[in-house]
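Lettering follows sequence order; numbering is per chain, from 1. Hydrogens, waters and symmetry mates are skipped; everything else that's a heavy atom, side chains included, is used.
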Number of protein chains: 2
Amino acid sequence: MTTPQGTAARNTRQRSAVATLLSQVEGFHSAQELHAMLRDRGERVGLTTVYRTLQALADAGDIDVMRPPGGEQLFRRCSDGHHHHLVCRTCGRTVEVAGPAVESWADRVAEQHGFVDVSHTLEIFGTCRECAAGR
Amino acid sequence: MTTPQGTAARNTRQRSAVATLLSQVEGFHSAQELHAMLRDRGERVGLTTVYRTLQALADAGDIDVMRPPGGEQLFRRCSDGHHHHLVCRTCGRTVEVAGPAVESWADRVAEQHGFVDVSHTLEIFGTCRECAAGR
DNA sequence: GCGTTTTTGACAATCGTTCTCATTTTCAGA
DNA sequence: TCTGAAAATGAGAACGATTGTCAAAAACGC
């Protein structure tokens, strides 16, 4: 879908497996988790390939990448367009949130300081209702 | 200054060296960079100690930690209170920015979804005027 | 000073991720 | 359908940042 141009890009069993898995699981998962899930499903895909495929998907903008404090980066298939995430620290439940005001604020602030080619990262962490009640 | 309570915490040459260095350098630097700077100054401090000290300072809230996409975490001594950073991708120049509207927006969004104990991370990346002009 | 307790630091270990490269697969054309 | 060049795979090595280990060294209350 989001295959710009240039490098050929061939259809392989492994890529389909990763894409399919991503379309079926909820929330964010690490490359290693996804690799383990594929293994459990009986799909035979190398860890290296999982990493490569995830990176390609991320570059293409088909999946989101998040780097939580403390370790591995997490991947998730998500809706098109720019948005951010509200993530539960305990259960990992994720809510996509849009903040047009934040986008324009960030751009404006950067512009005021003479910065161009601006991007930003924003993640909100908290404890969701269920997890807060559960203890 | 921000030494709560509990564990003793002793004054050592190494900790002073790290703290002093942090108060003198500009912008964000990795633990390894800071370690190299100390070495260049003739200060003899082990890399392990640099990591430990930085972690302690970060826990105490005396320094900021940032995880840019693609690698090591960066440390910086910075002003008290909650704020965010506008960072040049090329030269590392950093501007502290405050966004009260963003803070309240994030809290409000989280609250609407039933999340409590909310925190967030926000970093803005761009190319500063000088770097944009320089090439 | 003394002794206890913390801290240090060289080194090994760990962990996520990337690289290497020989083998396998894909797919456009014959 | 067959063929072959180009792309993709994957097992394992390599890598780089960070953390653990533990004996030796420093700090500080007494």
For this session: Using the side-chain hydrogen bond (donor to acceptor under 3.5 Å, both in side chains) rule, take A:Q14 and A:T53 through it: C-alpha gap first, then chi angles, then the decisive distance, then the call.
Result: CA-CA 9 Å; A:Q14 292 88 339; A:T53 304; over 6 Å; no
For this session: Nearest whole angstrom, please: distance from the C1' of D:dT18 to the CG of B:D59.
Result: 15 Å
Problem set entry | Rounded distance in Å - CD (A:E72) to P (C:dT17) | 6 Å
Problem set entry | Cation over ring face, B:R89 and B:F125, 6.0 Å, 45° | no
Exercise. Do A:H82 and A:H120 make the cut of ring centroids closer than 6.0 angstrom?
Worked result: yes
Exercise. With ring centroids as reference points, do A:F28 and A:H85 lie under 6.0 angstrom apart?
Worked result: yes
Problem set entry | Carboxylate-amine/guanidinium proximity below 4.0 Å for B:E96 and B:R76 | yes
Problem set entry | Full working for side-chain hydrogen bond (donor to acceptor under 3.5 Å, both in side chains) between B:H83 and B:E103 | CA-CA 9 Å; B:H83 60 268; B:E103 317 298 328; over 6 Å; no
For this session: Report the C-alpha distance between B:R67 and A:Q73 in whole Å, list the side-chain angles of each, state the deciding distance to 0.1 Å, and finish with yes or no for side-chain hydrogen bond (donor to acceptor under 3.5 Å, both in side chains).
Result: CA-CA 11 Å; B:R67 317 181 107 260; A:Q73 43 190 343; over 6 Å; no
Exercise. How does protein reach along nucleotides 23-30 of chain C, written 5' to 3' as B (base within reach of a heavy atom under 4.0 Å), S (only sugar-phosphate), or - (no contact)?
Worked result: ---BS---
For this session: Measure the spacing between CD of B:E43 and CG of B:L34 and express it to the nearest 0.5 Å.
Result: 13.0 Å
For this session: Can you measure from OG (A:S119) to CD (B:E123) and round to the nearest 0.5 angstrom?
Result: 11.0 Å
For this session: Output the residues of residues 49-58 of chain B in contact with DNA chain D, where contact means a heavy atom of the residue under 4.0 Å from an atom of the strand; sort by number or write none.
Result: B:Y51, B:Q55
Exercise. Residues from residues 32-46 of chain A sitting under 4.0 Å of DNA chain D, heavy atoms only?
Worked result: A:R44, A:V45, A:G46
Exercise. Taking only N and O in the side chain of A:Q73, is any of them less than 4.0 Å away from OP1 or OP2 of C:dT17?
Worked result: yes
For this session: By nearest nucleotide on DNA chain D, pick out whichever of A:T48 and A:Q14 is the more 5' one.
Result: A:Q14
Exercise. B:V18 and B:V65: same hydrophobic cluster, using ILVMFWY side-chain contacts below 4.5 Å?
Worked result: yes
